[in-house]
Amino acid sequence: MAYILKDQSEIEHVEWGSLRWISNPININAQQLTTIEVVINKGQGHKFHFHPNQEEIIYVLSGKIEQWVEKECKILSEGDSCFIQRGTVHASFAIGDEPATLFVVLGPCANNEMGYEMQEVHEQEPWKNLRT
């Protein structure tokens, strides 16, 4: 068993927000689940990408997001969630007047310290012009 205290979790700042790494191979030796608290700044987003070997659940803790899965878009609010199969292109954008906070679960852990793998495709068609 491992306790993960908020003050002891690593926070990674990215251009569109932040990631608080809750569980992964480096911090608690997780093998199956990588979990992250994700904050997407108002008007920003985690652009189109996919995880080749990981499934993902995105659960909205607060705020509102424009959630894309392939070419389908839904607006998700607090309490809503989305399941994304491995290899499926997706993107999340904070909309509204506040940042969006998400709880994200990926599994199994990728074979690296962070337990996370991603391939960006936002510069490729049809993804680079899909969101207008």
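Positions are given from 1, in the same order as the sequence printed here.
Both F93 and V121 are assigned to one and the same hydrophobic cluster, defined by single-linkage of ILVMFWY side chains at heavy-atom distances under 4.5 Å. L33 and W21 are not part of a single hydrophobic cluster, where members link through side-chain heavy atoms under 4.5 Å apart. In the hydrophobic clustering of this structure, W68 does not group with M118; members are Ile, Leu, Val, Met, Phe, Trp, Tyr whose side-chain heavy atoms approach within less than 4.5 Å, directly or through other members. Put simply, F48 and I58 are part of two different groups of oily side chains (I, L, V, M, F, W, Y) that touch within less than 4.5 Å, one to the next. Under the 4.5 Å side-chain heavy-atom criterion for Ile, Leu, Val, Met, Phe, Trp and Tyr, M114 and V38 are members of the same hydrophobic cluster.
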Can you give me every donor-acceptor pair (side chain of residues 78-87, partner residue at least two apart or in another chain, under 3.5 Å) with its distance?
| unit_1 | atom_1 | unit_2 | atom_2 | d |
| --- | --- | --- | --- | --- |
| D80 | OD2 | S77 | N | 2.8 |
| R86 | NH1 | N53 | O | 3.3 |

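Looking at residues two or more places apart in sequence or on another chain, you find a ring pair (Phe, Tyr, Trp, His ring centres under 6.0 Å) between H49 and H46, H51, H90. By the side chain to side chain contact (heavy atoms under 4.5 Å, CB included) test, E125 pairs with K128, N129, sequence neighbours left out. Taking F50 as the reference, nothing meets the ring pair (Phe, Tyr, Trp, His ring centres under 6.0 Å) condition, with sequence neighbours excluded. Partners of W16 under the side chain to side chain donor-acceptor pair (under 3.5 Å) rule, at least two apart in sequence or in another chain, do not exist in this structure. A search for side chain to side chain donor-acceptor pair (under 3.5 Å) contacts involving E70 returns nothing, not counting sequence neighbours. With sequence neighbours excluded, the residues satisfying salt bridge (charged side-chain N to carboxylate O under 4.0 Å, His left out) with E72 are K74. For the side chain to side chain contact (heavy atoms under 4.5 Å, CB included) test, residues two or more places apart in sequence or in another chain that qualify with Q32 are P108. Among residues two or more places apart in sequence or in another chain, the salt bridge (charged side-chain N to carboxylate O under 4.0 Å, His left out) test is passed with E117 by none. The salt bridge (charged side-chain N to carboxylate O under 4.0 Å, His left out) check on R131 picks up E66, with sequence neighbours excluded. Partners of N29 according to the side chain to side chain donor-acceptor pair (under 3.5 Å) rule, which considers only residues two or more places apart in sequence or in another chain, are Q31.
At least one donor-acceptor pair closer than 3.5 Å links the side chain of N112 to the backbone N or O of G115. Under a 3.5 Å cut-off, the side chain of N27 and the backbone N or O of I22 do form a donor-acceptor pair. Looking at S18, its side chain never comes within 3.5 Å of a backbone N or O of V14 through a donor-acceptor pair.
Contact detail for K64 and A100: the closest heavy-atom pair is O-CB, 4.0 Å. P25 and A110 make their closest contact through CG-O, 4.4 Å (heavy atoms, listed as atom of the first residue, atom of the second, distance).
Between the CG atom in L106 and the OG1 atom in T35 there is a gap of 9.0 Å [rounded to 0.5 Å]. A distance of 12.0 Å separates CG in L19 from OG in S9, rounded to the nearest 0.5 Å.
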Exercise for review: Decide yes or no on side chain to side chain contact (heavy atoms under 4.5 Å, CB included) for I57 and V104, but give the supporting numbers first.
Suggested key: CA-CA 6 Å; I57 292 277; V104 175; over 6 Å; no
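Contact check for W127 versus K71: side-chain heavy atoms found under the 4.5 Å cut-off. Within the 4.5 Å cutoff, side-chain heavy atoms of I36 are placed close to those of Y116. At least one side-chain heavy atom of I65 sits under 4.5 Å from a side-chain heavy atom of V60. Between V105 and T34 there is no side-chain heavy-atom pair separated by less than 4.5 Å. At a threshold of 4.5 Å between non-hydrogen side-chain atoms, the residues L102 and L61 do not count as touching. Proximity of I40 to P99: side-chain heavy atoms (C-beta onward) are nowhere separated by under 4.5 Å. Side-chain atoms of C73 and Q67, non-hydrogen and from C-beta on, never get closer than 4.5 Å to each other.
Around atom CD of E113, no more than 12 heavy atoms belonging to other residues, nucleotides or ligands sit under 6.0 Å away.
Pairs passing the salt bridge (Lys or Arg N to Asp or Glu O under 4.0 Å) check and including a residue from residues 35-57, sequence neighbours excluded, read R20-E37.
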